[in-house]
**Q** 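Quick one: structure below, then a few questions.
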Amino acid sequence: MIILQNIKSLLKSIPSSVTLVAVSKTKPVSDIQDAYDAGLRVFGENKIQEMVNKYEVLPKDIQWHMIGHLQRNKVKYMAHFVDLIHGVDSFKTLKEIDKQAKKHHRVISCLLQAKIAEEETKFGLSFDAIENILQSQELEELKNIQIYGLMGMASFTSDKSQVAKEFQSLHGFLNRLKSKDFTANNIALETLSMGMSGDYELAIANGSTMIRVGSAIFGARNYIA
Ligand SMILES: *Cc1c(COP(=O)(O)O)cnc(C)c1O
C-alpha cells in the first residue's frame, strides 16, 4: 500500500513530459509487481544479474533500464531485453553493447554518463571525452546502438546550489551538443537522465527529462547497493 501511495504523490509532483524510472535495486519482485499494478512500466536496476532474474519472472511489457556501472563481460546477459543503458562511460563499452545487440538483431539505446559531481568516486566521462566519442568515425560503424542522450549524478551534498549548478552544467552541455552537426546517424540526443529521490525536483527544474527514483517509491534500502 505504501508503494502505491508513494507513486501517487510522486506522479503528482512531476510533469508528464518527464519519464520516471522506478529504481528497484535490492527490492523483491513483489514490490516491483505492486509498482507495476500502480501503473509503472519503467524499472531501473544497477546489477545485471539481478535485473535478469527479475526480468524472467515479471510481466514482459516492463522496460528495463540498466543504471549502474557496467561490467563489459556481463553485457551479453541483458542484450536480448534491456531497453536503455544509462551508465556508459567508455567507447569500449559501447562497442561491446553493439556487438551483443547485433547478435539479437536489436538496436540498444545508450546514455553517455558525464562526470558532473565533485567527488572523486563517481564514474563518468568528461565533457571533452563525450564530444570525442560523438565525433569519432568509429561511432558511425556501431549500427546496433543509438546514443540517446546523457546521464549524470550530482554531488552527494545538502548544498542545493551546488547540486543545481551541476545539473545546469550538464543541461547546458547537452544543449550545446544538440546545436552541433554530428555525422553519425546513430545519435539522437533526446534524453537527459538526472535526478534521484533526494534531488529530482531540482533536476527537473534544471532540464532533466528522465529521473531515477528508488527510495522515494520503495522505501530505504537495507544495504548499500
Ligand atoms: C540507486 C540509484 C538511484 C536511486 O537512488 P534513490 O536515492 O534511492 O532514489 C538512481 N540512480 C542511480 C545510478 C542509482 O544507483
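When reading the values below, keep in mind they use all heavy atoms of this one structure, side chains included, and skip hydrogens, waters and symmetry mates. Fair warning: this is a prediction, and the values are worked out from it, not measured in the lab. Numbering of ligands and ligand atoms starts at 1, following listing order.
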**Q** Looking only at the side chains, is there a donor atom on one of Ser126 and Asp128 sitting less than 3.5 Å from an acceptor on the other?
**A** no
**Q** Under 4.0 Å from a heavy atom of Val213: which atoms of ligand 1 are those, numbered in the order shown and with their elements?
**A** 9 (O)
**Q** Quick one: does Arg221 get an N or O within less than 3.5 Å of an N or O on ligand 1?
**A** yes
**Q** Testing the basics here: between Met194 and Ser208, what is the closest heavy-atom pair and its distance to 0.1 Å?
**A** O-OG, 2.7 Å
**Q** Does the ring-ring contact (aromatic ring centres under 6.0 Å, His included) test come out yes or no for His80 and Tyr55, once each step is laid out?
**A** CA-CA 11 Å; His80 58 298; Tyr55 161 78; 5.7 Å; yes
**Q** Linking I/L/V/M/F/W/Y whenever their side-chain heavy atoms sit closer than 4.5 Å, directly or via other members, would Leu20 and Val18 fall into one cluster?
**A** yes
**Q** Out of Gly152, Ala22, Ser197, whose heavy atom sits nearest atom 6 (P) of ligand 1?
**A** Ser197
**Q** Salt bridge or not for Lys25 and Glu50, using N-O below 4.0 Å?
**A** no
**Q** Looking only at non-hydrogen atoms, find the nearest pair between Met210 and Val21 and report the distance.
**A** CG-CG2, 3.7 Å
**Q** Check each heavy atom of Lys25 against ligand 1 and say whether those closer than 4.0 Å belong to the side chain, the backbone, both or neither.
**A** side chain
**Q** Kindly confirm or rule out an N or O of Gly214 lying under 3.5 angstrom from an N or O of ligand 1.
**A** yes
**Q** Atom 12 (C) of ligand 1: which of Ile67, Ile217, Asp199, Asn46 has the nearest heavy atom?
**A** Ile67
**Q** Show the atoms of ligand 1 that are less than 4.0 angstrom away from any heavy atom in Arg212.
**A** 4 (C), 9 (O), 10 (C), 11 (N), 12 (C), 13 (C)
